[in-house]
Amino acid sequence: MKNMSFTRDEIKRHLQANGAEQQELFKHARQVRNEAGGDGLNIRGVIELSNRCAENCLYCAMRRDNHLLDRYDLDEEAVVAAAGQIINSGIPTVFMQSGESAKCAVLLESVIPKIFSKHRCDILLCAGKKSAETYKRYKEAGTTGYILKFEAANPSLYENATGASYEERLSCIRDIRSAGMKLGTGNILGLPNQTLDDIADDILLAIELSPDYVSVAPFIPNQGTPYENASKGDINLTLNVMAIWRIAFPDALIPTVSALEYIHPDGQAAGLSAGANVITVNFTPKQNRDKYAIYAKDRFVVGLEHAYKTARRAGMSLNMRKK
Ligand code: SAH
């Protein structure tokens, strides 16, 4: 199917859609998804490896200056065991996400080949900035795809919100592609000082990068961060971004993230109605889960039952691993 392109004005109009106009946008997005053969809901099992992080993003509770957070690192045995649980549950993709530390980079080098040789499954990573050589080694060890969100397409908005270099982030995104992995990227919606034009730029940058996976999460103010008193991201704007991306990328994997459920009851089912086709179930060992404070201390943790319920609500069925 032909990728649809949008002008900035069209994007801004769709972003502001509400009521009947929004329902039309969502209907169009579902049609595009279903015509591309994507009326099944893809499922990932996530293991959150460590909440230790060298970065200092102002929105994230794992930031290095958050001294109140109790830090943990999973060991190889725990990660391989959790991957086994994912596969035994019939879930085809092992997704490993993490804060950024040298220790975690080493852990990844040892667990990727172990998981790949045992299960021959899809392995997806979201573990931050690495060198081009490291991305290549992850690919050679069996990694299918890597998610590195650009977070904000506006360089000064990105740099103010992360304290890191925008050029470096984009260069890592290009290195992921060059390493031969599938690319995931996306943004945070509702960062302090973000304008409608900034969001339109996020959409246009994603279209330019043409990722295999693309995701948007509403900003959730995290305790213990400089942004803790800021307002959370808007659900309607978030859903509209998802729908626009679906229309632009008929085949992409677009997750309905747990932050949607956190800001709104049945928020994840609404994400599916706006064109998403992926849900992520949490397999981080229970004693560590609360410490992975990516969205909020009391974040919504997705279990298999919730994934089934959400799929049913949206009239979709889960794409489980073929035995
Ligand atoms: N260190 C890795 C993984 C970070 S967590 C990296 O930088 O890629 C994965 C994603 O969670 C981030 O890319 C960010 O988009 C999102 N995230 C973190 N804190 C958030 C918050 N408070 N609200 C919304 N999204 C957040």
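In this chain, residues are counted from 1 in sequence order. For ligands, and for the atoms within them, numbers begin at 1 and follow the listed sequence.
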Discussion item. For a 4.5 angstrom cut-off between non-hydrogen side-chain atoms, does I207 reach F249?
Written reply: yes
Worksheet item: Which residue owns the protein heavy atom closest to atom 25 (N) of ligand 1, what's the atom, and how far is it?
Response: Y295 CE2, 3.5 Å
Fill in: Y59, any N or O under 3.5 Å of ligand 1 N or O
yes
Worksheet item: What atoms of ligand 1 come within less than 4.0 Å of a heavy atom belonging to N222?
Response: 22 (N)
Worksheet item: Does CD in Q223 sit with more than 12 non-hydrogen atoms of other residues, nucleotides or ligands closer than 6.0 Å?
Response: no
Item to complete: Could you find the nearest protein heavy atom to atom 9 (C) of ligand 1 and give me its residue, atom name and distance?
Response: Q97 NE2, 3.5 Å
Worksheet item: Can an N or O of E100 be found at a distance shorter than 3.5 Å from an N or O of ligand 1?
Response: yes
Worksheet item: Is any side-chain N of the basic residue among E100 and K129 closer than 4.0 Å to the acidic one's carboxylate O?
Response: no
Item to complete: Please could you name the atoms of ligand 1 that F219 approaches to less than 4.0 Å, counting only its heavy atoms?
Response: 23 (N), 24 (C)
Item to complete: Would you check, one step at a time, whether the test side chain to side chain contact (heavy atoms under 4.5 Å, CB included) holds for T310 with L41?
Response: CA-CA 10 Å; T310 303; L41 178 55; 5.5 Å; no
Discussion item. So for atom CZ, which belongs to R313, do other residues, nucleotides or ligands contribute more than 12 heavy atoms lying within a distance under 6.0 Å?
Written reply: no
Response to the item:
I188 heavy atoms within 4.0 Å reach ligand 1 at atoms 14 (C), 15 (O), 24 (C), 25 (N), 26 (C)
Fill in: Protein heavy atom at shortest distance from atom 20 (C) of ligand 1
I294 O, 3.4 Å
Worksheet item: Do any heavy atoms of R63 fall under 4.0 Å from ligand 1?
Response: no
Practice prompt. For P218 and ligand 1, answer yes if some heavy atom of the residue is under 4.0 Å from a ligand atom, otherwise no.
Written response: yes
Item to complete: List every atom of ligand 1 that sits less than 4.0 Å from any heavy atom of L148, numbering the atoms from 1 in the order shown and giving each element.
Response: 8 (O)
Worksheet item: Hey, is CG on D75 packed in by over 12 heavy atoms from elsewhere, all under 6.0 Å?
Response: yes
Worksheet item: Going by an N to O cut-off under 4.0 Å, is there a salt bridge joining R8 and D197?
Response: yes
Practice prompt. State, yes or no, whether a side-chain contact exists between N288 and E48 at a heavy-atom distance under 4.5 Å.
Written response: no
Worksheet item: Between E261 and K309, is the closest basic N to carboxylate O distance under 4.0 Å?
Response: no
Worksheet item: Considering only protein heavy atoms, which is closest to atom 12 (C) of ligand 1, and at what distance to one decimal place?
Response: E151 OE2, 3.3 Å
Discussion item. Closer than 4.0 Å to some heavy atom of S98 - which atoms of ligand 1 meet that?
Written reply: 1 (N), 2 (C), 3 (C)
Worksheet item: What orientation do Y146 and Y138 show, parallel under 30°, tilted 30 to 60°, or perpendicular over 60°?
Response: parallel
Fill in: ligand 1 atoms in contact with R169 (distance to a heavy atom under 4.0 Å)
6 (C), 7 (O), 8 (O)
Fill in: Numbering as shown, the atoms of ligand 1 that approach K149 to under 4.0 Å (heavy-atom distance)
13 (O), 15 (O)
Fill in: C126 N/O under 3.5 Å from ligand 1 N/O
no
Worksheet, complete the sentence: The closest protein heavy-atom partner of atom 22 (N) of ligand 1 is I220 O, 2.8 Å
Worksheet item: So does E77 have more than 12 non-hydrogen atoms from other groups sitting under 6.0 Å from CD?
Response: no
Worksheet item: What atoms of ligand 1 come closer than 4.0 angstrom to any heavy atom of G128?
Response: 2 (C), 6 (C), 8 (O)
